[in-house]
2 protein chains.
Amino acid sequence: MQKTARKYRSVVGPPGRPREFDMDTALDRAVRVFCERGYHATSISDLTVAMRLATGSVYKAFRDKHAVFLAAFERYAALRQEQTRSAAAQGANGRERLRNVLLSYVEHSQGTEGRRGCLVVGSAVELSAVDPVVAALVSARLETNEGFIAGLIREGQADGSIPRHVAADDTARLMICITQGLRVVGKARLSLDGKRLVAVAMKLLA
Amino acid sequence: MQKTARKYRSVVGPPGRPREFDMDTALDRAVRVFCERGYHATSISDLTVAMRLATGSVYKAFRDKHAVFLAAFERYAALRQEQTRSAAAQGANGRERLRNVLLSYVEHSQGTEGRRGCLVVGSAVELSAVDPVVAALVSARLETNEGFIAGLIREGQADGSIPRHVAADDTARLMICITQGLRVVGKARLSLDGKRLVAVAMKLLA
DNA sequence: GATAATAGGGAATGGTTGTTTCCGAATAAA
DNA sequence: TTTATTCGGAAACAACCATTCCCTATTATC
């Protein structure tokens with residue numbers, strides 16, 4: 001149950017590889033593989049190739065494949081959260097911040113990244129039913145995002161850009177469905193017109 | 001490329017097992033397994049147990065695991081389509097038919113079935129990127145559903161229950177995102193209040 | 001009733017997987 | 001230099017996978 005070491009170079013140690021080596025970089029590469037192939041279809045061999053680490057090195061850094069996945073999941077979630085927050089930050093009021101969040105989701109659901117897929121959605125679909133640990137992580141992520149969106153709605157109501165009668169919690173939950181659905185539809189390569197789609201979605205704030 | 005035999009008792013044949021045996025029943029059981037475990041995590045052994053067939057029997061009915069999956073997918077899609085259409089049929093006008101469809105989706109995304117998951121969503125997430133055949137089936141299914149929803153919107157506009165200014169195609173695409181997203185959220189065990197969620201979603205038709 | 005044909009059952013097969021262990025090479029601190 | 005440390009990579013392992021093969025049981029036809 002050792003916590004997965006984020007700092008890779010040991011503090012006391014004097015060892016092996018001087019090359020600036022960052023576990024986060026390796027994890028980013030693991031994220032890509034897990035995103036496009038999912039958990040079960042990704043072999044240790046796939047991981048070592050992607051992460052550019054030898055088998056032994058992977059098992060020295062992580063207890064097993066599952067631990068690699070959890071670390072990759074948390075890294076992915078942190079990255080996406082940061083992207084979403086900074087997209088929101090561009091907006092002048094609650095309504096615009098929310099629009100920016102939705103637009104950001106549409107963009108991330110398209111093209112290369114859209115085809116690669118979202119690790120949260122992938123984990124929910126592939127593992128939630130059989131892996132309680134992953135299920136808890138996924139639920140926590142969705143609830144955080146939902147809370148963030150509900151917060152933006154309330155901000156908008158406070159600054160006057162969103163009507164008071166909008167039900168913040170229900171609307172936020174529906175918007176979570178939209179964002180997760182976007183990632184599913186994006187995987188199916190259906191084209192997504194951000195401007196038009198978001199324009200329709202903003203009617204939920206009327 | 002032989003088409004998967006739906007009628008199981010051979011026409012000419014005289015063989016083995018007289019017991020009334022229906023491949024569709026076996027496929028329904030395969031659907032359940034594929035839904036909750038996904039493709040890669042489902043072994044032939046899992047399938048034989050679920051379908052109550054011996055290994056050899058499965059391979060006599062289907063070329064390989066992939067063929068079982070495709071047959072299960074089509075059976076699932078046909079069943080869900082029928083359920084959705086019949087939910088819509090209850091409505092008196094376009095608007096009510098659409099509400100019924102959304103309500104039906106929320107209900108199917110909850111409880112046991114919600115936790116089991118949707119095979120279309122699961123296939124999109126797990127296989128679309130690596131399996132062109134499945135990808136095509138998934139896209140076709142999404143497009144059919146989107147077309148159905150767009151049709152309901154236009155029906156509503158014709159019968160006066162939905163305003164003319166609603167953009168049918170864009171709204172339909174967003175609603176597809178909602179329905180697929182519901183299945184993702186349902187897997188994560190978040191509670192879904194059908195009435196309230198659908199009430200919010202119906203604002204898209206304002 | 002005898003025969004032929006065939007579905008189902010299930011053991012056997014060959015390949016791959018995740019995991020662990022080993023040791024040599026490389027490196028930085030003592 | 002010595003020592004401690006860690007990465008690399010091959011090798012080994014048991015478990016499991018999808019698939020094949022053969023046998024049995026059964027029935028339609030003769």
Side-chain angles (χ1 to χ4, degrees), chain A residues 2 4-27 29-30 33-34 37-72 126-127 130-131 134, chain B residues 2 4-27 29-30 33-34 37-72 126-127 130-131 134:
Chain A
Q2 84 213 2
T4 43
R6 305 301 294 259
K7 293 302 173 193
Y8 207 52
R9 312 286 304 276
S10 80
V11 180
V12 183
R17 252 292 194 69
R19 140 158 85 96
E20 260 322 307
F21 188 80
D22 192 1
M23 179 53 68
D24 285 340
T25 305
L27 272 182
R29 298 197 257 249
V33 184
F34 278 130
R37 296 211 248 257
Y39 179 78
H40 290 288
T42 300
S43 70
I44 297 287
S45 167
D46 292 333
L47 283 174
T48 57
V49 170
M51 298 171 85
R52 296 175 209 176
L53 260 68
T55 333
S57 309
V58 171
Y59 275 90
K60 248 155 213 153
F62 302 95
R63 189 163 14 83
D64 52 19
K65 180 183 165 183
H66 194 253
V68 182
F69 183 82
L70 293 182
E126 193 187 0
L127 298 174
V130 290
D131 186 331
V134 173
Chain B
Q2 86 213 1
T4 44
R6 307 301 293 258
K7 294 302 173 195
Y8 206 52
R9 311 287 304 278
S10 80
V11 181
V12 184
R17 251 294 191 70
R19 140 160 85 96
E20 262 321 306
F21 188 79
D22 191 1
M23 179 53 67
D24 284 341
T25 305
L27 270 182
R29 297 197 258 250
V33 184
F34 278 130
R37 296 211 246 256
Y39 180 78
H40 289 289
T42 300
S43 69
I44 296 289
S45 167
D46 293 332
L47 284 174
T48 58
V49 171
M51 298 171 85
R52 295 174 210 176
L53 284 167
T55 331
S57 308
V58 170
Y59 276 88
K60 248 162 210 142
F62 302 95
R63 189 164 10 84
D64 53 18
K65 181 183 165 184
H66 194 253
V68 182
F69 183 82
L70 293 182
E126 193 187 359
L127 297 174
V130 290
D131 187 331
V134 173

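Every heavy atom of this structure was used, including side-chain atoms; hydrogens, water molecules and symmetry mates were not. Owing to the predicted nature of the structure, the values given are computational and were not obtained by experimental measurement. Numbered from 1 within each chain, the chains take letters A, B, ... in sequence-line order.
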- Item | Partner set under ring pair (Phe, Tyr, Trp, His ring centres under 6.0 Å) for B:Phe69, not counting sequence neighbours | B:Phe34, B:Tyr39
- Note on the structure: Here the gap from B:Asp64 atom CG to B:Leu70 atom CG, rounded to the nearest 0.5 Å, amounts to 8.5 Å
- Task: Please state whether the phosphate of D:dG8, meaning OP1 or OP2, lies under 4.0 angstrom from any side-chain nitrogen or oxygen of A:Ser57.
- Result: yes
- Item | Heavy-atom pair of closest approach, residues A:Ala72 and A:Leu27 | N-CD2, 3.8 Å
- Nucleotide C:dG9, atom P - distance to CZ of B:Arg52 in whole Å: 12 Å
- Query: What is the distance, rounded to the nearest whole Å, between atom CE of A:Met51 and atom C1' of D:dG8?
  - Reply: 15 Å
- Message: Could you tell me if the side chain of A:Val58 sits less than 4.5 Å from the side chain of A:Val68, heavy atoms only?
- Response: yes
- Task: Kindly calculate the angle separating the two end axes of the helix from C:dG1-D:dC30 to C:dA30-D:dT1, each obtained from five base pairs, and round it to 10 degrees.
- Result: 0°
- Task: Using atom CE of B:Met23 as one end and atom C1' of C:dG8 as the other, report the distance to the nearest whole Å.
- Result: 11 Å
- Message: Whole angstroms only, please: what is the CZ-C1' distance between A:Phe62 and C:dG18?
- Response: 16 Å
- Task: Output all residues satisfying side chain to side chain contact (heavy atoms under 4.5 Å, CB included) with A:Ser45, sequence neighbours left out; order by chain, then residue number.
- Result: A:Ser43
- Message: On DNA chain C, does the nearest nucleotide to A:Thr42 precede the nearest nucleotide to B:Ala54 from the 5' side, or the other way round? Give the residue.
- Response: B:Ala54
- Message: Run the side chain to side chain donor-acceptor pair (under 3.5 Å) test against A:His40 and tell me which residues pass, sequence neighbours left out.
- Response: none
- Residues pairing under salt bridge (Lys or Arg N to Asp or Glu O under 4.0 Å) where one sits in residues 40-50 of chain A, two or more places apart or in two chains, turn out to be A:Arg37-A:Asp46
- Message: In this structure, how many angstroms lie between the P atom of C:dT17 and the CZ atom of A:Arg37, rounded?
- Response: 11 Å
Taking only nitrogen or oxygen atoms into account, show me every contact under 3.5 Å that the protein makes with nucleotides 19-22 of chain C, one pair per line with its distance.
from: C:dT19; atom 1: OP2; to: A:Tyr59; atom 2: OH; distance (Å): 2.7
from: C:dT19; atom 1: OP2; to: A:Lys65; atom 2: N; distance (Å): 3.0
from: C:dT19; atom 1: O5'; to: A:Tyr59; atom 2: OH; distance (Å): 3.2

- Task: Look up atom OG1 in B:Thr55 and atom NZ in B:Lys60, then write down how far apart they are to the nearest 0.5 Å.
- Result: 10.5 Å
